[in-house]
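Read the structure below first, then the notes.
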Amino acid sequence: MSEARGPESSVEPIAVERGASLWRDALVRLRKNHLAAAGLVALFALLVVSLLTPWIAPYGYEDQDLALGAVPPSGAHWFGTDLLGRDLFTRVLYGGRISLLVGFAATGVSLCVGVLYGACAGYLGGRTDALMMRFVDILYSLPFVIFVIILTVYFGRNIVLLFMAIGAVEWLTMARIVRGQVMSLRQKEFIEATTVMGLPRHRVLLWHLIPNTLGPIIVYATLTVPRVMLMEAFLSYLGLGVQAPMSSWGLLINEGVQTMENRPWMLIFPSLALSITLFSLNFLGDGLRDALDVRASKD
Amino acid sequence: MPLLDVHELTTHFHTREGVVRAVNGVSFRVEPGETIGIVGESGSGKTVASLSLLGLIPSPPGRIEKGTAVFDGVDLLACGAQTLRSIRGRAISMIFQDPMTALNPFMRIGDQLMEPLRVHEGVSRREARAQAAEMLRLVGIQDGARNLDAWPHEFSGGMRQRVMIAMALITRPHLLIADEPTTALDVTIQAQILELLARLQRELGMAVILITHDLGVVARVCRRLYVMYAGQVMESASTDELFARPQHPYTEALLQSLPSTHVKGEPLHTIPGLPPDLIAPIAGCPFAPRCAKATDRCGRGTPALQEIAPGRATACFRVQDGEL
Amino acid sequence: MLKYIIRRLLGFVPTLFVIATVVFFLIRLAPGGPFDAERNVSDEVLRNLEAYYRLDAPLHEQYFRYLWDVLHGDLGPSFEKPSRTVSEWIAYRFPVSLELGLYGLAVALVLGLCAGITASLRPNTLTDHVPMTFAMAGICIPNFVLGPLLVLALSIHLGWLPVSGWEYPEDKILPAITLGVPYAAYIARLSRGGMLEVLSQDFIRTARAKGLSEARVVLRHALRGGIQPVVAFLGPATAGLITGSFVVENIFQIPGLGSEFVGAALHRDYTMILGTVLFFAALILLFNLLVDLAQAWLDPRVRYE
């Protein structure tokens with residue numbers, strides 16, 4: 001025992017182990033967090049179901065049965081039908097596709113723009129940084145919801161394009177987070193070493209700085225997805241997003257609200273679908289934040 | 001009768017990774033008006049022991065498993081939160097290692113200083129303010145009245161530690177626990193703060209427990225010393241005795257590693273190995289794996305702290321048996 | 001202090017200028033016009049209309065003339081509802097949105113702070129998990145679901161509160177709750193996080209070592225630092241509460257500025273859109289300034305310069 005505790009043998013392995021297993025540690029912590037793990041599973045299930053929707057769905061999303069009208073849940077129509085006799089289960093499935101598509105497309109855009117912008121500002125520093133961040137400040141004072149509504153009115157025809165646009169204005173917080181991370185990393189020795197080594201700037205930025213800010217980026221992106229999905233539902237609810245006969249959870253909820261007194265299932269099922277998805281994503285985001293030990297301020 | 005008599009204090013932390021045995025059966029006593037030192041490396045349990053006395057262990061995960069600590073006839077470990085609160089900050093005060101973080105940045109110096117008086121003695125605001133200004137003068141901050149309205153961030157580290165001391169002493173406690181009071185300060189400030197503590201201790205007639213890893217500090221101000229290692233007391237003796245004739249191999253190694261005992265040109269003396277991981281149960285003497293004089297026996301049973309001469313105790317089998 | 005405020009207020013001007021420019025060109029370069037819907041107007045009438053609203057001039061000229069008017073405090077006439085100017089519409093509709101927003105803010109603060117602080121005192125126990133689960137629900141159940149559900153339960157089934165309207169005090173309860181709950185949820189999470197952070201700091205141990213009661217430790221020593229994240233959030237939150245009440249106004253049929261704006265956007269009411277955006281942007285800037293001042297007041301380390 002006294003042999004094993006010699007100074008050389010006890011210090012080295014600890015350091016090596018830490019470096020290699022940072023991500024594995026995080027994964028272990030994430031799996032211990034049951035809510036986050038459940039969120040991940042639910043999200044994965046939703047993803048699979050959405051991909052397979054055209055094959056799973058018992059009916060077409062436009063298939064009407066006016067003679068049937070709105071009936072409560074039954075064996076033939078698990079979630080019931082809407083006023084036009086369309087199968088609600090099918091429509092919820094298709095709505096999920098839209099929701100996910102929109103959530104990931106917009107988050108993807110916000111990720112690209114935000115990370116690049118923030119990393120550039122943080123890395124270049126000085127005047128450039130001040131100017132770039134001043135621009136972000138200005139955009140911050142733009143009433144976001146209102147801006148999105150304006151975008152809707154003009155891009156309304158194409159839902160994916162619209163949410164790319166939302167993503168493009170939703171990158172501000174991401175840019176701030178990345179900038180902060182990069183600025184603190186810039187002081188660290190291993191980045192200074194790259195300067196000494198004479199690496200070109202874009203290489204330093206892409207290969208050394210951004211990978212080291214990955215934790216906060218992942219966490220914030222995970223939390224952006226539900227926000228964008230909520231935004232889609234909100235716009236569709238207001239009649240500004242997805243247009244009938246296409247389906248979307250927000251649209252379905254709106255239809256449900258109109259008739260909730262007599263046909264509560266039309267409100268309940270789409271609401272449940274939306275809320276469960278939002279729960280999953282938020283729990284996952286929270287879990288990731290704890291697992292990766294990210295302390296980014298919320299908003 | 002001692003002012004404070006701590007017996008077999010045991011504090012464990014029940015963490016997800018396992019039980020951290022931070023303090024294992026520590027006993028010591030403090031006479032009225034004397035200054036004792038508790039010395040040990042970081043992680044030896046000296047801070048946890050002192051926080052346990054005042055019920056300041058974060059709980060969960062911390063838990064005081066057993067032991068008694070009789071202060072002025074009251075067992076601090078069993079008296080309940082209410083009684084303990086009335087003792088803390090009134091009869092026993094504590095100052096902490098880092099003065100930069102120990103003061104509330106959101107409160108004016110004066111308000112923080114007056115708080116113990118206002119809470120424990122119901123002193124009027126006016127009177128408390130006067131006493132606070134007086135106390136600031138006593139710790140060497142001139143123009144006390146004006147500084148009462150200052151914010152902590154306007155003060156330097158040394159000044160803040162003076163404020164901490166003033167705050168601890170404003171109720172004239174019988175016992176002051178000073179946990180590494182000079183570690184975070186510049187060397188020149190360190191001397192001033194020690195000087196100040198020693199002077200106030202004489203003037204106010206209180207007892208002081210000085211907790212530090214710095215043997216140089218305790219040598220200057222403490223009458224008696226307890227050496228801690230891995231949550232246990234290894235040796236206790238008067239300061240002079242301990243420095244002149246260390247009995248426990250750990251104390252000996254500790255003294256040898258002091259740079260001042262070092263002969264120029266020789267390599268610096270270090271103790272090989274690391275302190276034990278307190279999560280794993282320790283069989284035998286915790287120092288045995290690093291001890292040059294350990295025998296088979298040291299790995300089997302845990303030696304208890306035993307008196308080997310009046311005022312001297314050590315927890316080493318070989319010393320107790322007269323082998324060393 | 002005063003100098004700082006004035007400097008910040010002056011800083012609003014370029015920001016608003018950039019916003020006006022971006023939004024002006026964005027809406028004008030998009031396809032469609034305000035009079036597309038009116039098919040049965042003669043060309044002559046249309047020309048007159050365009051002349052009246054200066055739509056016949058080159059775009060850059062319109063832009064400069066618009067800016068010039070705005071500088072004089074004139075947001076122009078509404079295209080869609082010409083009976084009043086845009087400023088008059090805002091003055092007419094905004095008080096309702098403001099009132100609703102303030103009620104929502106009150107709900108958010110009271111609920112959120114109580115839940116968050118309670119949760120922070122005993123982390124990872126029942127008194128932490130229960131309020132935080134509710135907070136998560138508040139974030140994940142959007143207000144256009146929550147509102148109708150509340151109406152369904154409390155108004156339609158139990159008949160306790162009116163279904164819609166904005167006249168009597170009891171009309172305002174459900175809208176305020178519907179609007180405030182998601183923000184309460186965020187505030188609960190933020191205040192819990194902030195309090196946990198502060199409660200773990202050294203100076204809290206100092207406060208306990210002074211023998212203070214737990215209530216005094218929390219209220220006098222921890223609270224001020226612990227609610228900093230909430231204060232920082234209040235800027236965007238207040239702005240969101242006042243500008244983002246479309247859904248609640250829609251559900252409860254409240255005649256606020258939010259519903260007005262959606263209509264304006266749909267009808268390409270250029271001046272109305274621009275006017276509302278500028279007005280809301282100015283509000284947001286103002287709230288951010290107020291929040292910065294509040295933060296400086298709460299935390300003496302924050303300096304104005």
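Numbered from 1 within each chain, the chains take letters A, B, ... in sequence-line order. Keep in mind the model is a prediction, meaning the values are calculated, not measured.
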*asked:* Using every non-hydrogen atom in the two residues, find where Cys140(C) and Ser275(A) come nearest and quote the distance to one decimal.
replied: O-OG, 3.2 Å

*Select, from Phe144(C), Phe287(C), Phe280(C), the one with the greatest count of heavy-atom pairs under 4.5 Å involving chain A.*
Phe144(C)

_chain A contacts, top residue of Leu278(C), Thr276(C), Val277(C), Asn288(C) (heavy-atom pairs, under 4.5 Å)_ = Val277(C)

*How many angstroms lie between CD1 in Ile138(A) and CD1 in Ile19(C), if you round to the nearest 0.5 Å?*
7.0 Å

_Could you measure the distance from the CE atom of Met132(C) to the CG atom of Asp286(A)? Nearest 0.5 Å is fine._
10.5 Å

*With a 4.5 angstrom heavy-atom cut-off, could you sort out which part of Pro142(C) is near chain A: side chain, backbone, both or neither?*
both

*Residue selection (most heavy-atom pairs with chain C, distance under 4.5 Å) from Ala233(A), Gly256(A), Gly250(A)*: Ala233(A)

*asked:* Taking side chain as everything from C-beta outward and backbone as N, CA, C, O, which of these in Ala137(C) sits under 4.5 Å from a heavy atom of chain A? Side chain, backbone, both or neither.
replied: both

*Show your reasoning for whether side-chain contact (heavy atoms from CB on, under 4.5 Å) applies to Val151(C) and Val257(A).*
CA-CA 10 Å; Val151(C) 170; Val257(A) 167; over 6 Å; no

_Would you compute the distance between atom OH of Tyr237(A) and atom CG of Asn143(C) and round it to the nearest 0.5 angstrom?_
8.5 Å

_Looking only at heavy atoms and a cut-off of under 4.5 Å, which of Ile253(A), Asp137(A), Ile268(A) has the most pairs with chain C?_
Ile253(A)

*To the nearest 0.5 Å, what is the distance between OG1 (Thr133(C)) and CG (Leu35(A))?*
8.0 Å

*Does CZ in Phe12(C) sit with more than 12 non-hydrogen atoms of other residues, nucleotides or ligands closer than 6.0 Å?*
yes

*For the atom pair OG1 (Thr15(C)) and CZ (Arg134(A)), what is the distance rounded to the nearest 0.5 Å?*
4.0 Å

_Distance (rounded to the nearest 0.5 Å) between Phe279(A) CZ and Ile141(C) CD1_ = 5.5 Å

*Between Pro148(C), Pro14(C), Gly193(C), which shows the greatest number of heavy-atom pairs under 4.5 Å with chain A?*
Pro148(C)

*Return the option, out of Ile156(C), Leu285(C), Ile251(C), with the maximum number of heavy-atom pairs under 4.5 Å with chain A.*
Ile156(C)

*Check the surroundings of atom CZ in Phe44(A): do more than 12 heavy atoms from other residues, nucleotides or ligands lie under 6.0 Å from it?*
no

